[in-house]
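The structure appears below as structure tokens.
Only this structure's heavy atoms are used, side chains among them; waters, hydrogens and symmetry mates stay out. Just so you know, these numbers come straight off a predicted model, no measurement behind them.
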Amino acid sequence: MEFEPRDQFEQRQKKLEQIQALGHEAFPREFRWTESPAELLKDYAAVQGPELEANRKEVRVAGRIVSYRLMGKAGFAHLQGGGKRIQIYVKKDVVGEKGFQLFHLLDLGDHIGVRGHLFRTRTGELTIWVDELFFLAKALLPLPEKWHGLADIELRYRQRYLDLIVSEKSREVYQTRARIIRELRQFFDGRGYIEVETPMMHPIAGGATARPFITHHNTLDIDLYLRIAPELYLKRLTVGGFDRVYEINRNFRNEGISTQHNPEFTMLEFYQAYSNYRDLMDLNEQLFAQLAQSITGSTVVRYGEHELDFGKFTRLTMREAIVQYWPSGAGAAPALGELAAPGGAQRAAERYNVWAKANHAEYAAAKGHLSDGEWTGRLFETIAEDKLIQPTILYDFPTDISPLSKQKPEDPALAERFEIFAAGMEIANGFSELNDPAEQERRFAAQIAHGGDEAPKQLDVDYLRALCHGMPPTAGEGIGIDRLTMLLTDSHSIRDVILFPLLRPEAKPEDQAAAEGEKE
RNA sequence: AGGGGCGUAGCUCAGUGGUAGAGCAGCGGCCUUUUAAGCCGAAGGUCGUGGGUUCGAUCCCCACCGCCCCUACCA
């Protein structure tokens, strides 16, 4: 197999043969190193040249060649490792005829090891004075341009490895992502939670309203759904006596792709017995403040033009948010009581839509008949959702759109549910878990009767049976890790925090020709 | 799915209705402390794909492919 650019591919292959002819293995098996380039730069940042000469520091270092300057009988290069670059200096009369021949045959992108000692050049750069070169692996294809890097966004996603080699910023995003997940584990482990892994292939897609992916198991000859949420399995575990349980893993939803949506995304879900949704709200305030502090060094986090303060959350009910963000041109905002009255949310939506039409704003549109709660949710999404820039806990959701939440005792039309918004994005969703099996069965049945792609097709009888064995009063929550990472790394597309986001497969030229003339 | 934008050398980008340009990378030469090393020389392209208009299309028109942004669905 050969790849573009073919001339360079062949050129480098020839060099590899010449390197072998010098007596080097083409693909050696190991190199014992003493420090990484990143470690050396960090540890010797303050050590000056004379001191390096007085106390000679012998090193063995491996890395990828990312710059190369040959000047007759000597040359410089930079070795990249651990995301950082250290310079090496190779002199013909030090490494010898054969060593220098090897240096000649190296290309940008090759992996090498060096043995030598540290010094500083005239300009003061920490550099390895190379006594011996080791060939470690050949790059048969060239690196992206050294100055501008990989500007083509598509290539950054498709060939993430190149992005990671060339962009320290990109590398840092994924390191931060790993730190966030580590912090989350620490946070929950420290509070007596147990981490579990529940199935990702479900016979019934449940735990959320979303369109699932379908797959097939050959031996059992059954269709399975890639999970849209782990919720119903985690709650079975609270029935089983894991009073505090969490899972960090992928969900799959067969829906749109955007800067905020990838078909597979990572979710933290956790459940805490003997607690309600208010307990979780308090827990979240601690969690987000602590995370922001440890990840970014401050509870105030810059996100684009905004400064998000995770040290203080606003709390709003859904109806309060509608009233608060009601556009001033659309007449008087509805009163809270009006929104709560039967038909009130729909009347408010109709009033809003008159204004929206005249002002080319987004409508609170409805397909078919909506219940009061659905209208309230729709109105919130249209009017308020993208205005919630500062971290906000939105609570008191309509029961109609919360099929797995407990109702408020004083108002069964409202559920003990909240969501967390920041930068206009939903990043978490939590509630007091419905543990009354009869009520849960009614809600499931209503969902199935409601129909649509996103509703379950089948009653999850096993889950209802689990509830019948008694689930303790429990509060549970899901946090979107990808979006959380976006917030804490100032990334504005979910594809910038997912290493390999889903893209359409590259079309081969033949396929493109075959697609000619075909129409949708 | 609808609207807008983009696609030119391996990479980063100019450009024009009349045979295609630069920098970096690569190739040959000079150069033993360089820093986006420098100097000299040569090479590299179905201008995303396919049609159309035209004497002539990389450029204008249409369709298709891919990516980005917005809207819709959604977390």
Between protein and nucleotides 41-43 of chain B, what N or O pairs are separated by less than 3.5 Å?
none

request  = Using the side-chain contact (heavy atoms from CB on, under 4.5 Å) rule, take A:Thr485 and A:Thr176 through it: C-alpha gap first, then chi angles, then the decisive distance, then the call.
outcome  = CA-CA 8 Å; A:Thr485 305; A:Thr176 302; 5.5 Å; no
note = A:Leu150 CG to B:A25 C1', in whole Å, measures 14 Å
Pairing residues for A:Lys92 by the salt bridge (charged side-chain N to carboxylate O under 4.0 Å, His left out) criterion, not counting sequence neighbours = A:Glu97
task = For nucleotides B:A36 and B:U12, find the distance between their C1' atoms and express it as a whole number of Å.
result = 13 Å
request  = Check the pair A:Arg12 / A:Glu17 against salt bridge (Lys or Arg N to Asp or Glu O under 4.0 Å), numbers first and verdict last.
outcome  = CA-CA 9 Å; A:Arg12 285 167 181 242; A:Glu17 285 162 20; over 6 Å; no
request  = Starting from P on B:C11, measure out to CD1 on A:Ile153 and report it in whole angstrom.
outcome  = 15 Å
ask   = Which part of the nucleic acid, if any, lies within reach of A:Asn262 when heavy atoms closer than 4.0 Å are counted: base, sugar-phosphate only, or nothing?
value = base
task = Tell me the partner of B:G56, counting only Watson-Crick (N1-N3 plus N6-O4 or O6-N4) or G-U wobble (N1-O2 and O6-N3) with both under 3.5 Å; none if nothing fits.
result = none
inquiry  = Suppose we screen for side chain to side chain contact (heavy atoms under 4.5 Å, CB included). Which residues come up paired with A:Asn254, at least two apart in sequence or across chains?
reply    = A:Arg211, A:Phe213
inquiry  = Does the structure show a Watson-Crick or G-U wobble partner for B:A1, both distances under 3.5 Å? Name it, or say none.
reply    = B:U71
Whole angstrom value for the distance that separates P of B:G10 from CG of A:Leu140 = 17 Å
inquiry  = Only pairs with both distances under 3.5 Å count, Watson-Crick or wobble alike; so what is the partner of B:G38 in this structure?
reply    = B:C30
note = To the nearest angstrom, the CZ-P distance between A:Phe9 and B:C11 comes to 16 Å
task = Quickly work out the A:Glu10 CD to B:G44 P distance and round it to whole Å.
result = 15 Å
query = Looking at residues at least two apart in the chain, or sitting in another chain, which of them share a side chain to side chain contact (heavy atoms under 4.5 Å, CB included) with A:Glu53?
reply = none
ask   = Heavy atoms under 4.0 Å, any strand shown: does A:Arg495 hit a base, just sugar-phosphate, or nothing?
value = sugar-phosphate
Same-atom distance (P) from B:C62 to B:G5, integer angstrom = 12 Å
remark   = salt bridge (charged side-chain N to carboxylate O under 4.0 Å, His left out) filter on A:Asp490, not counting sequence neighbours, yields A:Arg302
Gap in Å between the two P atoms, one belonging to B:G48 and one to B:A25, rounded = 26 Å
For atom CD1 of A:Ile401 and atom C1' of B:A75, their distance in whole Å = 14 Å
query = Mind checking the C1' distance from B:C59 to B:C73? Whole angstroms is fine.
reply = 39 Å
message = Please give the distance between the C1' atoms of B:C39 and B:C31 as a whole number of Å.
response = 9 Å
key: Distance, P atom - from B:G17 to B:C13, rounded to whole angstrom   = 23 Å
ask   = Contact class for A:Gly256 vs. all strands (heavy atom < 4.0 Å): base, sugar-phosphate, or nothing?
value = base
request  = Can you sort out the partners of A:Asp496 under salt bridge (charged side-chain N to carboxylate O under 4.0 Å, His left out), two or more places apart, ordered by chain and number?
outcome  = A:Arg156
ask   = Side-chain contact, heavy-atom cut-off 4.5 Å: A:Leu487 with A:Met425?
value = yes
Of the listed nucleotides B:A75, B:C11, B:C70, the one nearest the side chain of A:Thr259 = B:C70
task = Find the partner of B:G66: check Watson-Crick (N1-N3 plus N6-O4 or O6-N4) and G-U wobble (N1-O2, O6-N3) distances, both under 3.5 Å, and reply none if neither fits.
result = B:C6
ask   = Separation of A:Leu155 atom CG from B:G7 atom P, in whole Å?
value = 15 Å
request  = Decide, yes or no, whether a salt bridge links A:Lys73 with A:Asp93 under the criterion of side-chain N to carboxylate O below 4.0 Å.
outcome  = no
If you look only at distance, which donor and acceptor atoms sit under 3.5 Å apart when one is on a side chain in residues 160-169 of chain A and the other is two or more places apart or in another chain?
residue, atom, partner, partner atom, Å
A:Arg160, NE, A:Leu499, O, 2.7
A:Arg160, NH1, A:Asp163, OD2, 2.9
A:Arg160, NH2, A:Tyr174, OH, 2.9
A:Arg160, NH2, A:Arg495, O, 2.7
A:Arg160, NH2, A:Ile498, O, 2.9
A:Arg160, NH2, A:Leu499, O, 3.4
A:Tyr161, OH, A:Gln159, NE2, 2.9
A:Asp163, OD2, A:Ser170, OG, 2.7
A:Ser167, OG, A:Lys169, N, 3.4
A:Ser167, OG, A:Ser170, N, 2.9
A:Glu168, OE2, A:Lys84, NZ, 2.7

key: Complementary nucleotide of B:G44, counting Watson-Crick and G-U pairs under 3.5 Å   = none
query = A:Arg211 has an atom CZ; how far is it from atom P of B:A75, in whole Å?
reply = 12 Å
message = Going by salt bridge (charged side-chain N to carboxylate O under 4.0 Å, His left out), name the residues that satisfy it together with A:Glu350, two or more places apart in sequence or in a different chain.
response = none
message = Output one letter per nucleotide in nucleotides 26-39 of chain B: B when a protein non-hydrogen atom lies under 4.0 Å from the base, S when only the sugar-phosphate is that close, - when neither is.
response = SS---BBBBBBB--
task = Using Watson-Crick or G-U wobble geometry with both distances below 3.5 Å, tell me the partner of B:A14, or none.
result = none
